[in-house]
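First the proteins, then the strands, lettered A, B, ... as listed; each starts at 1. Side chains included, hydrogens not; waters and symmetry mates left out as well; all remaining heavy atoms used. Worth saying up front: this structure is predicted, and the values here are computed from it rather than measured.
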Amino acid sequence: MSSQLINQYYRAEKLPHIWCPGCGHGIITRAVSQAIHNMGLDKDKVCIVSGIGCSSRAPGYMDFNTLHTTHGRALAFATGVKMARPELEVIVISGDGDAAAIGGNHLIHAARRNINITTIVFNNNIYGMTGGQYSPTTPTGDLATTAPFGNIDKSFDIANLAAAAGATYAARATAYHVPQLTKYIENGIKNKGFSLVEAISVCPTYYGRKNKKGTVVDQMNWLKDAAVDVKAAQKLTPEQMEGKFLIGEFKNVTEPEYTQEYQKILDRFKKER
Amino acid sequence: MSSQLINQYYRAEKLPHIWCPGCGHGIITRAVSQAIHNMGLDKDKVCIVSGIGCSSRAPGYMDFNTLHTTHGRALAFATGVKMARPELEVIVISGDGDAAAIGGNHLIHAARRNINITTIVFNNNIYGMTGGQYSPTTPTGDLATTAPFGNIDKSFDIANLAAAAGATYAARATAYHVPQLTKYIENGIKNKGFSLVEAISVCPTYYGRKNKKGTVVDQMNWLKDAAVDVKAAQKLTPEQMEGKFLIGEFKNVTEPEYTQEYQKILDRFKKER
Amino acid sequence: MSKGKENLKLKVKKEWCKGCSICVEFCPKKVLAIKGDKVEITDIEKCIKCGLCELRCPDFAIYLGGMDDEEK
Amino acid sequence: MSKGKENLKLKVKKEWCKGCSICVEFCPKKVLAIKGDKVEITDIEKCIKCGLCELRCPDFAIYLGGMDDEEK
Amino acid sequence: MMKKNNVKFMQGNEACVAGAIAAGMKFYAGYPITPSTEIAEVSAQLLPKVGGKFIQMEDEIAGMAAAIGGSLAGLKSMTATSGPGFSLKQENIGYAAIAEIPCVIVDVQRGGPSTGLPTAPSQGDIMQAKWGTHGDHPVIALSPSSVRETFDLTVRCFNLAEKYRTPVMLMLDEVVGHMREKIVIPDASEIEVIDRIKPEPGDSNYQPYKVKEGQIVPAMAAYGDGFRFHVTGLIHDESGFPSNSHEVADKLMTRLMKKVEDNLDDIIAFEENHIEDAEVVVLSYGGTARSAKSAMKKAREMGLKVGMFRPITIWPFPEKRVAEIAKNVKAIIVAEMNYGQLVLEVERVVKNAAPIYHVGKINGEVITPDEILAKIKEVL
Amino acid sequence: MMKKNNVKFMQGNEACVAGAIAAGMKFYAGYPITPSTEIAEVSAQLLPKVGGKFIQMEDEIAGMAAAIGGSLAGLKSMTATSGPGFSLKQENIGYAAIAEIPCVIVDVQRGGPSTGLPTAPSQGDIMQAKWGTHGDHPVIALSPSSVRETFDLTVRCFNLAEKYRTPVMLMLDEVVGHMREKIVIPDASEIEVIDRIKPEPGDSNYQPYKVKEGQIVPAMAAYGDGFRFHVTGLIHDESGFPSNSHEVADKLMTRLMKKVEDNLDDIIAFEENHIEDAEVVVLSYGGTARSAKSAMKKAREMGLKVGMFRPITIWPFPEKRVAEIAKNVKAIIVAEMNYGQLVLEVERVVKNAAPIYHVGKINGEVITPDEILAKIKEVL
Amino acid sequence: MSKQVEIRLTGSGGQGLILGGIIMAEAALLDGKNAIQSQSYGPEARGGASKAEVIISEHEIDFPKVEVPDLLLALTQVAAEKYADDIKSDGILLVDSSVSLPEGIVAGKIIQIPILQTAAEVIGKPMVANIIAIGAIQQILNIVSKESLESAVLNRVPKGTEELNRRALAEGYRLVEKY
Amino acid sequence: MSKQVEIRLTGSGGQGLILGGIIMAEAALLDGKNAIQSQSYGPEARGGASKAEVIISEHEIDFPKVEVPDLLLALTQVAAEKYADDIKSDGILLVDSSVSLPEGIVAGKIIQIPILQTAAEVIGKPMVANIIAIGAIQQILNIVSKESLESAVLNRVPKGTEELNRRALAEGYRLVEKY
Ligand SMILES: Cc1ncc(C[n+]2csc(CCOP(=O)(O)OP(=O)(O)O)c2C)c(N)n1
Ligand SMILES: Cc1ncc(C[n+]2csc(CCOP(=O)(O)OP(=O)(O)O)c2C)c(N)n1
Ligand code: SF4
Ligand code: SF4
Ligand code: SF4
Ligand code: SF4
Ligand code: SF4
Ligand code: SF4
Ligand SMILES: [Mg+2]
Ligand SMILES: [Mg+2]
C-alpha cells in the first residue's frame, strides 16, 4: 500500500517513477495532487496536459484524463481541450525548457487570452531529460553541457513573464516550500482565468552535479535559505536580497475568461435560434 | 528626384511602395531611415531584417543589407546575423502579427538575451497582409474578419512584454508622433542591448474600414488625441486615462550585451592560443 | 539638411502621392490641398518649412528639398 | 486524512524509496535515517506526525497512513 | 442568394467549411495564411451558429495542437493552412497519427518553396502530405477538382478521420480554393456522416489503443467522459502508456500502417474518363484535372483516343488501377503544377508498362488545356 | 588520448563536429534533442577554441533561422537535430533552398513518428529529407556508415553547400551517431575545403542571384561586405527582389533544380562491393549498411554470390547506377530501418529489371546481419 | 448563345470588380446557366492592377480560367496597359473614358464609355462603377437576362442601397445603348 | 585471438560502464586492434538498467552491436536478471558477488567476484568499480594488453586519481587470478 493520496490520485502500477533519486519533480507532482485533493475536484473532470521533459512525465503517473504532447506545445493542446470542454479543469505540467524555451509563445498567448488553465512549471533551471543543457532559467554564469564556459544568457523570471503577458494569477514556491506550493496551486486552480505557478525544483543529476551544488539535501537547504517571501522582501534592502529569490503570490486579479467570453457569443446565437 | 533622405537611404527604383494610400507603415519606415541618418550610421554596416507582412516589406525599399525572412522568424535570423558579425547594426522591422503572434517566442528570447538588436514593431492592430484577421494587439471587442462577432482576445502591450522579457530599452510612439518615434528609434539603436520600439501604425484598408474608424486622417487624429506621454500620465487619474494609451520611453537600462559576453569567451581562448 | 530652412523648397513628387490627405490635415498653415486624388501646394506663401508634411507622408511624396522647383 | 494525527501511523514503502535523504534531513525530530540506500525509521517515539517527510518525499515512499504497520 | 436555397455560388474554400460543418465539425483552430484564409474566416462566422467554436491561435503549430486537443475532448476538429503553415504543422500531424486522433488538415497549395508565390496556384505539397513529418506513419490525403467536390471530400475527410482514427488531409490548390462555382448543397439526409466509435459507457476495462478481435481501429473515448485514459506521442501499448518494448513498438506501428493498407478498397477513390479505348491517358488531379479534362475533350474532338484518370485520394495512391491501365495504353501523361511529384509515384507503379510523360509548371501559372493537348499530340 | 595525435576513438556525433570544424564551420545554432545532442555539446565546447560561435536558440525553428542568418553574414553554419526538430526546421530549410544560403543540417534519426522512441535508432526521415518542406526545391542529403565517414561526409556537406549555395543534409542515424569507433583524423592539408564564390570586391553591379555565363551558381556576398543586397524567400529576380513575373519564377525555380540535376556526376557518391558477379545485391545505407556488409560477407563465406550497394548520397539518389546494376542481378534487397522508404525510389528506378525485396524494421531495433542473410537465402 | 463566353474585368483593387464578376455569374445561374468566377491576386499586397474573371456557359465549364476573353473591361489606365492586348481578335474591349487607349490594340470592337464619371457624378457614388460596368456588359453581350442581373445585384448589395444600384444598372444599360 | 570478441557490460546508470567500455576499446586501439563501443539508452530517462557494449577485433568490425556476448558483466541484480540469459553458450558470465544469480543461466563459465565491495572497501571509492571490472575482464580474456589498458585508463581518468585507478585495475586483476 502507498499513501491514500497516492492510491487515490495515482496510477500506482506505474510507480516507482523514472525520476532520479532526490529529483524535486516528485515532490511537486505530489503537491499538485494534494491541491486537487484539497479542493475535492472530480477526477473525471480534471485533465492534465504536459509537453516533453522529465517534468512532463508527471501526468503519466496521475489518474486523471492525461495528455502527454510534443515538446513545448502542452498549452496549445490544452487550449483545444479547454475550448472543447470548458467544464474540464485543465492543468498543464511543464518544465522550464518546455514552457519557457520552445513553448514560450504558447505560454504568453495562453496568458494573454486569460483562458482558464492552470500551468505549473517545474523549474529545475536545466534541460533534465536531454542531459543538462542550459535552459532559459539557468542562472547566468552557471555551467551546462552546452555552456561549458559558463552560461552567458540572462534568465527569465517565468512567473513575472506570465503576469506581464496577461496571466491573472502568478505565484512561485519551491520543492522545499510544499505547503505554500500546494496553496498556490489551489489558488491557481480556483482563479477563473490563466494561472501560472512556478515551482522551483531540483535536478541533482545534471544541474546540481554540473554546478557542484552538493547533495540534493544541500540543494533543498539552498531553496530553504534563498527563498524570500514577496511580502517579507519589501522590508529588505537590495543588499539583503543579494543571492535570494522571491516566492509568493505575485498577481491575483479577475478579468474576463476566454471560454466564458466565447460562450457569450454562442449564447447570442442560441437565443436567435 | 525625391527627398535627399529617400535618395540616400532608399532603393528609389522600387518606389512607390505597395502600401495602401494612407498606410502608416510608410511614415514609420521613413522614421527608421531618419533615425539612421541622424546617427550617421554607415549604410554598409546596417542590416535590416524583417519577417512577413505588409510591414515586413519595408526593408525591400531600404538601401542597406536587407533580409526578408519567414513569418515570425525575423529575430531568429537576425540573431544569427548579429552573432556572426557583431559589428553590424542589426535592426528588425516587424508587424504586430509577425513579432507578437507567430514570432512571440523569438521576441521574448531575443529580449532575454539582451542581444544588441533594435526591433521596431509596426503595430497596426491587425494582420494587414492577409486581409484583416485579428492580431494579438487587436483591441478586445473590435471586429476583424476572423472576429466577426467582436474580438474576445485580450491584447498584448508589446513594449511592456519586451521589457518584462528582458529588453533593456523599450519605448512606444505612433505614426502621428514622428519626432518622438525617430528619437526613440535612435535611442534604441544607441542602446547596446536589445531594444524594442513599438510604433503604432494605421491600417485604413482593413482595421480602419472594418471598425468604422473613418478616414486615415481620422485615425491619425485619434492617435494624436489618445496617446499620452508616460510622464504626463503620472499626473492623470485612471478616469482621465480611460480610452487613452501610453507613449514614451518605458525602460532604458544597461546590462551585459550578448555578443560582447560571447566575445569574452573568445578572448579567453585567444589568450590561450 | 543642415542648411537654414529659408533655403529649402517645398516639393511634391506627384507620381508617388496616393492622395491620403495626411499632409493636408496636419499642415499647421493649411498650405496644401487634395486635387484630383493628388496633393497640391495651394498656398506656398504661408509655408513655414516646418517639414511636418514630409515627416508624416507615408509615400515620401512631399518634402523640403534643395534648389529645384516646387513641383515635378 | 481527516482523522486526528494521533491515529496516524508513519509508514515507509521501501521499494519506492531511492534513499535521497530529504526526509531524513528535514524531519524536525530526527526520526529517520538512511540504512543501506533506503530510509529507515530509527526513532518512531519522537515522531510528531507532522507529515513533513511525506510532503517532501519525491518518491511517495514515506507517509502517514491508517491502521497498518509501520513498514511494509 | 439563389432561388433554391441549396443552390449556391461559392468559393472552394467556402465549400470546404460548408462540408466540414455538414460532417459535424465543431471546432476550428488555425492561423491565417493566403490562400487558405477564407476557410478560417468562414469558420469563424459559421461555427457559433451551429454551437461550434473557432479560435485563432498564435501560429500554425498551435493551430494543429489545439485541433488535436479539441478532438481529444470530443469535438470534430479542423485546421487549414498553406505551404509555410503546412510545414510548421508537420510535427504535430505526426503526433495525431501515432496517438490516433481524428482531425482534418486542409492545405490550400500555393507557390513554394518558402514564401514563394503566395497568391499563385501550385500542387507542390503533394509529396509533403505523405512525407512531411518524420518517421513512418499512415497517410490519407484527398484532392478535389471542383467546388462541389470540395464540399463532398471535406465530408469524406472527416468520415475517414473518424473511421480510422487518423489525421486526414484535404489537398486543395489555389485554383479550386479561390474559384467560385455553382454548387448544389445536398440535404443533410443525403450526407453520410461517420462518427468515431466510442467505448461502452462505464467500460471499466477501457484501453484507448486496444482493438476488438478482428478490428483494427480502437474505440475512442473523450476526455471528461469518465475514462481517464492517457495519450502520448511516444510508442505506447494498448493501455496508452509509453513502452520501450520492441514487440509493442512493432505491433503499434504495424497496426497504424495497416489501418490504411488493409482498407485500400474502402479508402481509395478516383475518377476515370474514356479509359476504355484510350491510347493516351492523362493523369491529373485537383484544379489541373479540369485542364486535363478540357484537353481530353479537345483531343477527342480531334479524333484522338485520349482518356483521363483522376486520383481523388492522392494517398493512398490508386496504385493497382493505374498499373492496370498502364498495360493498355501507349503513354501516360501526368499533369500537375509542380516540378514532378506524383509522377514519381506513377513511374514507380507503372514500371515499364508504358512510357510516362510529365507536364509540370512551377512558374505560378495554371497548366492550360492547350499545354496538355500539345503533349498529347507529341506522344501520340 | 591515443599515441598518435590524429588517431582518435570517437562517437559519430563527435566526428561530425570535428568534420564541421575541419570544413570551416564557424557558427552553430541549434536546440538539443536526443540523439543529436552531443553535436551541440561538442560544438559549444570546440567552436570558441577556433574563434567560432555557438548559440543555443529557443527552439529548432530559431536554430535553423539563426544558422541561415549566420551564413548570410559570412560564417559557415550548421545546425543539428533529430526527427521532431527536423520537422520543425522544414519551413526554414525551404527558405535556405530558395534564397540559396549554404548551411548544413544534421538529422540524427531516431524512432518516429512524433516523439516515438527517442533513444532508438531509425532511418525513418529519409523521405522527409527530400519532401519535408513545401514546394519544389533542390535536395542534397548524405548518409555515413562509420565514424570516419561521418567526419568526411560532414566536410563534404559543407563543401557541397558552399559550392552549390544550398542547404545540405547529413542524415545520420542513432547507430552511427552514438557508436564509438577508431578514426584517423586526416591532416588539414589532406582535406579539401571549398568556399563559396564571393563577388569581386567593390563590384558595383553585384546581383546576388545573377549567374555568370555558363555557370549556375551565383556569387555570394556577405552582409557587411559593402554590397547591400536584398534576400527574400519570395520568388525573386537576379537582383534579389521579389517578382511576380512568371518568367522570373520559371527561371529561378528551374535554375534551383538544375543546380543539382545538372551536377549529378559531381554530387552523387556510392560504394559498391562485389557487384561484378553478384546475383543478389543488398542496397543499404547508414548504420544498416554495416549489417548489410556483414551479411554479405557471411553469404560469400557460404558461397552465395551477394554484392552490396551503398548510396552515400541518398539525394540525389544514384539512380542511373542502380538501374544498371539491376539489369544483371536476380534480386535486389533493400535494407533500411523504416517501413519502406528508399525502397520506393529503388522500385521507381529499377522498374521491372529485377524483383525488389525489403528488409525493414520499425520496432526500434537495428537490423541484424542475420535478418538480411535470411532474406538473401530466401530470394536466392 | 451556346458557346462559352469569357469575360475579364480589370481595374484597380477596391473598384469591386470581383463582386461585379460574382454578380454576373450569379445572374447566369439564375438563368440556369453555368458560371465560374475567379480572380488573380497581386503579391500578398495592395494596390496595383486587379483582375476578375467570369466564364458563362450552357455547358459544363472545365478549365476555370479565361484563356482569351470575349470581352475585356478596363477601368483604369494601368489595367488597360497591362491587359488590353490580350483579347480575342473579334472580342470586345470596353474601356472607361478616362483611359487613353494604348496603341496597337486589336479587338473586334472598342467601346469607350464614362463609367467612373457616371458613377461619381450621375449616381453620386464612385463605388457603384462596378454595377454600371456589368449593366453595360449585359447590354453588350446579353448573356444574362436583365431580370436575373437585377436580382443578382439586389441579392449582393447592402440593404438600403437597392435603389442606387438599380439606377446604376440602368445607367450601364443606357451608356452602351448607342453601340 | 583472431576472432572478434564481444563484451557486454551491464549494471545501473552512474556505475561508469560506458567509460569502462571506452577504456577497453581504447586499450585495444593502443594494441593496434579495432574496437567499437556502443550503448543503449533507456527511455529519455534516468535510472533502470544500463548497458554498454565493446567489440574488439583484429579485423574490420561491420555490425557494431553485440549479437551474443562472449563475456557479460553484471554488476547489479536488475541487470543480471535482464541480461544474464543472453550470452554465448561457451561465454563467460562475470557477476558481482552482491548479485544472487538467476536460475537456469547457461554459460561456459560463471565468475562471481566482489567488485562493488572491493571498490567501496578496499579502494574506498565506489566509483572505481568500473575500473576494477575491466581489470578483471582483462585478466579473464586477455584481449588487450595490461600495458595498454593502464595507459587507456590513465588517459581517461581525472587528474589526481591516477594512483587510485591503478590500484583499482590491480584489484581487478587480482580478483580473478584464481579463476
Ligand atoms: C521538438 C523537440 N525538440 C527537442 C526535444 C528534446 N527535448 C526533450 S525534453 C527537452 C528539454 C526538457 O527540459 P525541461 O522542459 O526543462 O524539462 P526537465 O527535463 O528539465 O524536467 C528537450 C530539449 C524534443 N523532444 N522535441
Ligand atoms: C508561416 C506563415 N503563416 C502565415 C502566413 C501568412 N501571413 C503573412 S503576413 C501575416 C500577418 C501579418 O500581420 P502583421 O505582422 O501584423 O503585419 P501587417 O501586414 O499588419 O503589417 C500572415 C498571417 C505566412 N506567410 N507564413
Ligand atoms: S535528470 Fe534531473 S530533472 Fe530529470 S529526473 Fe533526474 S534529477 Fe529529475
Ligand atoms: S493592408 Fe493595411 S497595413 Fe497593409 S498596406 Fe494596406 S493599409 Fe497598410
Ligand atoms: S512644411 Fe510645414 S507649413 Fe509647409 S506645407 Fe509642410 S507642413 Fe505645411
Ligand atoms: S501625405 Fe503624401 S501621399 Fe498623402 S496626400 Fe500628402 S503627399 Fe500625398
Ligand atoms: S512525520 Fe514529521 S516527525 Fe515524523 S518522521 Fe515525518 S517528518 Fe519526522
Ligand atoms: S525522501 Fe523518500 S525517497 Fe528520499 S530517502 Fe526519504 S523516503 Fe526515501
Ligand atoms: Mg528543466
Ligand atoms: Mg499588423
Side-chain angles (χ1 to χ4, degrees), chain E residues 61 82-88 90-92 94-95 97-99 107 109 111-120 122 124-125 127-128 130-137 232-235 244 246-250 253-254 257 338-341 344-345 347-348 351-353 361-365, chain F residues 61 82-88 90-92 94-95 97-99 107 109 111-120 122 124-125 127-128 130-137 232-235 244 246-250 253-254 257 338-341 344-345 347-348 351-353 361-365:
Chain E
I61 297 172
S82 301
F86 198 47
S87 289
L88 290 171
Q90 290 299 334
E91 188 197 7
N92 283 337
Y95 184 92
I98 196 175
D107 176 15
Q109 296 164 86
S114 193
T115 317
L117 287 169
T119 58
S122 159
D125 309 347
M127 286 305 241
Q128 190 189 20
K130 179 148 170 131
W131 301 111
T133 194
H134 59 284
D136 298 292
H137 56 285
T232 177
L234 289 164
I235 293 286
N244 288 301
H246 299 305
E247 295 78 56
V248 166
D250 198 65
M253 287 302 301
T254 305
M257 301 308 283
N338 56 43
Y339 195 77
Q341 297 202 1
L344 300 175
E345 185 69 3
E347 287 176 10
R348 187 179 74 79
K351 301 189 188 288
N352 296 332
K361 220 161 179 182
I362 46 172
N363 68 353
E365 282 182 318
Chain F
I61 297 172
S82 301
F86 198 46
S87 289
L88 290 170
Q90 290 299 334
E91 188 198 7
N92 284 337
Y95 183 93
I98 196 174
D107 176 17
Q109 297 164 86
S114 193
T115 317
L117 286 169
T119 58
S122 161
D125 308 346
M127 286 305 242
Q128 188 189 20
K130 179 148 172 132
W131 301 111
T133 194
H134 59 284
D136 297 293
H137 56 284
T232 177
L234 287 164
I235 292 288
N244 288 299
H246 299 305
E247 294 77 59
V248 166
D250 198 65
M253 287 303 301
T254 305
M257 302 307 284
N338 56 42
Y339 195 76
Q341 297 201 3
L344 300 174
E345 184 70 2
E347 287 176 11
R348 187 180 74 78
K351 299 188 190 288
N352 295 330
K361 219 160 178 185
I362 45 172
N363 68 352
E365 282 182 317

Where does [X] contact chain F at under 4.5 Å (heavy atoms): side chain, backbone, both or neither?
| X | value |
| --- | --- |
| E/Y95 | both |
| E/S82 | neither |
| E/T133 | both |

Gap between atom [atom2] of [Y] and atom [atom1] of [X] - 0.5 Å precision:
| X | Y | atom1 | atom2 | answer |
| --- | --- | --- | --- | --- |
| F/F86 | E/H134 | CZ | NE2 | 11.0 Å |
| F/M127 | E/D136 | CE | CG | 10.5 Å |
| F/L344 | E/L344 | CG | CG | 11.0 Å |

Heavy-atom pair of closest approach, residues [X] and [Y]:
| X | Y | value |
| --- | --- | --- |
| F/P113 | E/G94 | CB-O, 4.2 Å |
| F/D125 | E/G135 | OD1-N, 3.1 Å |
| E/M253 | F/G112 | SD-O, 4.0 Å |
| E/E91 | F/P84 | OE2-CB, 3.4 Å |

### Query
Heavy-atom distance under 4.5 Å between the side chains of E/D250 and F/I362, does that happen here?
yes
Using a cut-off of under 4.5 Å for heavy-atom pairs, which of [options] has the most such pairs with chain E?
| options | value |
| --- | --- |
| F/G85, F/S87, F/G124 | F/S87 |
| F/D107, F/N338, F/N92 | F/N338 |
| F/A249, F/G233, F/S122 | F/G233 |
| F/H246, F/Q90, F/E347 | F/H246 |
| F/G340, F/A97, F/G116 | F/G116 |
| F/I61, F/I98, F/N352 | F/N352 |

### Query
Any donor-acceptor pair under 3.5 Å linking the side chain of E/Q128 with the backbone of F/G132?
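A pair under 3.5 Å: yes.
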#### Entry: Pairing residues for E/T232 by the side-chain hydrogen bond (donor to acceptor under 3.5 Å, both in side chains) criterion, not counting sequence neighbours
A/H68
#### Entry: Listed partners of F/K130 passing side-chain hydrogen bond (donor to acceptor under 3.5 Å, both in side chains), at least two apart
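Partners of F/K130 by the side-chain hydrogen bond (donor to acceptor under 3.5 Å, both in side chains) criterion come out as none, since no residue qualifies.
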